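Any value given below was found using the heavy atoms of this structure, including those in side chains, with hydrogens, waters and symmetry copies removed. From a predicted model like this one, the values you see are computed outputs, not experimental measurements. Residue numbering restarts at 1 for every chain, and letters A, B, ... go by the order of the sequence lines.
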Number of protein chains: 2
Amino acid sequence: MTPWTAVNSEGYEAPAALAVDTVVLTVRDGELLALAVRRDDGALALPGGFVGAGERPEATARRKLREKTGLRRSYVEELGAFADPGRDPRGWIPSIAHMALVPPDTVAADPNALWIRARGRRRLAYDHRAILRAAVARMEGKLWWSNIAVGILPGAFTMSEARRVYEAVAGLRYDGATFARDLKGTGLVVATGARRSEGRGRPASLYRFALRTPAWGAGHRKRVSAT
Amino acid sequence: MTPWTAVNSEGYEAPAALAVDTVVLTVRDGELLALAVRRDDGALALPGGFVGAGERPEATARRKLREKTGLRRSYVEELGAFADPGRDPRGWIPSIAHMALVPPDTVAADPNALWIRARGRRRLAYDHRAILRAAVARMEGKLWWSNIAVGILPGAFTMSEARRVYEAVAGLRYDGATFARDLKGTGLVVATGARRSEGRGRPASLYRFALRTPAWGAGHRKRVSAT
DNA sequence: GAAATAGTGTCTGTGAGACATTATGGG
DNA sequence: CCCATAATGTCTCACAGACACTATTTC
């Protein structure tokens with residue numbers, strides 16, 4: 001295959017296209033999962049596509065996310081640019097990497113899409129393993145300082161549900177009592193007043209995030225260790 | 001002026017170019033400063049340029065930094081992509097924004113370059129004010145968790161010098177004794193054993209960063225308030 | 001009532017912030 | 001000698017982590 005090329009109206013070589021690749025993350029059964037797409041040649045890649053002329057890259061990310069999962073209002077944030085020469089064998093194609101967070105019950109609408117372990121060692125096409133690693137690192141770093149988990153947790157959730165998500169993302173175990181105290185202390189969540197019974201045991205109070213848009217909690221001590 | 005355009009070999013519209021814009025930061029007289037370049041039309045802009053085919057964007061940033069300041073080995077990190085349509089009137093030109101940190105004695109080699117207040121309200125061309133704001137926010141957020149200040153402080157520095165830089169970046173005042181204790185506690189700096197007399201007062205011990213490459217300190221409490 | 005899960009109360013170690021005190025130089 | 005700055009020591013408050021104990025539900 002001959003690589004794609006482009007020349008601009010000034011006569012200089014230009015990028016052949018601008019791509020967006022998205023790390024779609026969720027938590028299921030205590031594990032951090034990422035969405036991958038099996039290409040025609042069998043290789044796995046992150047969901048992505050080309051930015052259209054006049055389109056914002058985040059809009060491209062949301063468009064592709066909708067195609068693969070059907071979701072319309074997910075948390076999406078930019079990870080950074082991946083533009084090293086040779087990253088895409090098709091030619092000079094910089095990619096703006098994004099990270100999206102989706103609820104655990106999200107089904108892969110695309111038949112070629114599947115969930116893989118975000119911390120696994122699966123091979124991915126292009127430089128997509130580096131992008132995946134960047135997303136996991138970003139997620140770990142921001143978890144306690146923002147309402148980033150809003151994208152994974154449902155509208156109302158129990159402290160135990162939230163704890164399992166936080167544990168999966170951070171790769172740590174938290175004490176239930178301490179976790180609830182600290183998460184409430186961030187000011188990012190509020191009690192709904194409702195309760196939910198989950199099989200055996202005392203019903204749990206339900207909480208929701210005070211904001212469903214990006215926000216930061218008050219200054220709290222960095223979480224470095226856990227039970 | 002007619003906008004630049006580009007079409008790739010597949011027949012689709014492509015970006016007219018890939019740009020890099022760099023926020024060059026330093027601290028002088030207790031103030032956080034950024035390098036700006038006066039264009040022919042009189043407007044101020046961040047130093048930047050186009051990424052060459054086969055060039056890594058960070059290499060472009062370093063190349064332009066060298067042209068404007070003569071510096072070769074500065075701390076440079078990526079801020080993110082700025083690619084909204086219409087951000088550049090010349091056409092579809094995404095920009096990979098970078099942040100560079102340079103010592104206070106850096107002179108602007110380019111006669112059109114000047115230092116402006118990073119937190120000031122000067123108008124900048126394109127979307128460069130947004131890029132500048134992103135750089136200041138990144139700097140504030142990372143200061144205590146990394147040796148990012150390595151780019152601004154000289155090879156050997158006193159705790160007072162370091163404190164003035166940290167204060168300018170964070171926009172806060174720190175207690176001298178507490179600052180020294182905490183900075184030493186990060187494990188990012190080591191004492192050289194030498195001392196330096198600065199006019200009146202007891203001579204100060206000199207320190208240097210243990211690493212001059214990007215690194216993170218141990219988990220420490222977030223600095224949210226100060227004296 | 002037993003088991004399971006939710007939630008409360010409390011103790012402790014650590015570290016940030018503040019500040020008093022001592023040390024050591026220059027004018 | 002006086003002043004200025006550096007460095008040390010220490011007190012206190014807040015909070016993370018741990019864990020004992022109570023509460024409320026299902027089986």
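Evaluation of the ring pair (Phe, Tyr, Trp, His ring centres under 6.0 Å) test over residues 58-88 of chain B, restricted to residues two or more places apart or in two chains, returns none.
Residues satisfying the side-chain contact (heavy atoms from CB on, under 4.5 Å) criterion with A:Glu58, sequence neighbours excluded, are A:Arg56, A:Arg62, A:Val76, A:His98. In this structure, the ring-ring contact (aromatic ring centres under 6.0 Å, His included) partners of B:His128, at least two apart in sequence or on a different chain, are B:Tyr126. Applying the side-chain hydrogen bond (donor to acceptor under 3.5 Å, both in side chains) test to A:Arg133 and every residue at least two apart in sequence or in another chain returns nothing. Scored by the side-chain contact (heavy atoms from CB on, under 4.5 Å) test, B:Arg208 finds B:Val190, B:Thr192 as partners (sequence neighbours excluded). Under the side-chain contact (heavy atoms from CB on, under 4.5 Å) criterion, A:Ser205 pairs with A:Arg195, A:Tyr207, not counting sequence neighbours.
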Atom pairs and distances, donor-acceptor, side-chain atoms in residues 110-118 of chain A, under 3.5 Å, two or more places apart:
| residue | atom | partner | partner atom | Å |
| --- | --- | --- | --- | --- |
| A:Asp110 | OD1 | A:Asn112 | N | 2.7 |
| A:Asp110 | OD2 | A:Lys68 | NZ | 3.0 |

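With respect to the salt-bridge test (charged N to carboxylate O, under 4.0 angstrom), the residues A:Asp175 and A:Arg181 do not qualify.
Here the side chain of B:Ala204 is nearest to one of D:dA7, D:dA16, C:dA18, namely D:dA7.
In this structure, B:Lys184 does not reach the D:dA6 phosphate: none of its side-chain N or O atoms is under 4.0 Å from OP1 or OP2. Phosphate proximity of D:dT5 to B:Ser160: absent, as no side-chain N or O sits under 4.0 Å from OP1 or OP2.
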- Item | Protein proximity profile, nucleotides 20-27 of chain D - base contact B, sugar-phosphate-only contact S, no contact -, cut-off 4.0 Å on heavy atoms | ---BBBBS

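The end-to-end axis angle of the helix from C:dG1-D:dC27 to C:dG27-D:dC1, rounded to 10 degrees and based on five pairs per end, is 10°.
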